[in-house]
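What follows is a short report on a single structure.
Every number for a ligand or one of its atoms is a count from 1 in the order of the listing. Given the structure is predicted, the values throughout are model-derived calculations rather than measurements.
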Amino acid sequence: MIAIACDHAGIDLKPAVIAVLDELGIIYKDFGTFSHGSVDYPIYGARAAKAVASGECDRGIIMCGTGVGIGMAASKVHGIRCVTCTDTYSAKMSRLHNDANMLSLGARVLGTELAKDIVRVWLMTEFEGERHARRVGMINKLDDGEELE
Ligand code: RB5
């Protein structure tokens with residue numbers, strides 16, 4: 001199951017993300033927001049991120065105006081590696097090499113079709129593991145407050 005969430009600036013992109021999830025037959029849980037009324041993006045980023053971190057959801061896709069703020073907020077939740085993407089290559093590599101477990105998108109940055117392509121490639125690409133697992137493990141150590149050397 002995929003967690004999705006957005007703020008008021010991301011809400012117009014949410015139907016496009018849901019359309020890709022439906023196209024791929026992937027179930028999702030929507031953590032809001034549900035209207036254009038102004039809200040604070042960290043609340044929604046954190047709600048989706050906590051669902052991913054707890055294991056309730058496998059991964060998450062979140063949206064705000066730029067994708068930046070909501071992504072920053074999500075990555076502050078322990079265990080979250082959120083990538084803000086504006087291109088499909090970064091989306092693919094964030095899965096192959098970084099095992100990104102959340103994707104953030106900017107509704108004021110991306111056209112709908114590019115956003116849908118980013119979501120498709122991000123959802124369909126698996127982590128490569130091997131040497132990349134060691135490096136992701138180092139990111140996780142930093143998340144745990146540990147030293148790397
Ligand atoms: C809201 O105006 C906007 O600041 C927010 O959606 C996001 O772009 C923040 O990073």
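Tracing side-chain contacts under 4.5 Å through hydrophobic residues (I, L, V, M, F, W, Y), one reaches Leu114 starting from Val119; they form part of the same cluster.
Contact shell of ligand 1 (protein heavy atoms, cutoff 4.0 Å): Asp7, His8, Ala9, Tyr41, Cys64, Gly65, Thr66, Gly69, Arg108.
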Donor-acceptor contacts, no H, no angles, side chain residues 66-85, under 3.5 Å, sequence neighbours left out:
from	atom 1	to	atom 2	distance (Å)
Thr66	OG1	Val68	N	3.0
Ser75	OG	Cys82	N	3.1
His78	NE2	Asp144	OD1	2.5
Arg81	NE	Asn98	O	3.3
Arg81	NE	Asp99	O	3.2
Arg81	NH1	Asn140	OD1	3.1
Arg81	NH2	Asp99	O	2.9
Arg81	NH2	Asp99	OD2	3.4
Thr84	OG1	Gly67	O	3.2
Thr84	OG1	Ser104	OG	2.6

What donor-acceptor contacts under 3.5 angstrom involve side-chain atoms of residues 17-29, with partners at least two apart or in another chain?
from	atom 1	to	atom 2	distance (Å)
Glu23	OE1	Arg120	NH2	3.2
Glu23	OE2	Arg120	NE	2.6
Lys29	NZ	Glu56	OE2	2.6

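In this view, Asp40 satisfies the salt bridge (Lys or Arg N to Asp or Glu O under 4.0 Å) rule with no residue, not counting sequence neighbours.
You'll find the side chain of Ile4 stays beyond 4.5 Å of the side chain of Ile62, heavy atoms only.
In the model, His97 has a side-chain atom that pairs as donor or acceptor with a side-chain atom of His132 under 3.5 Å.
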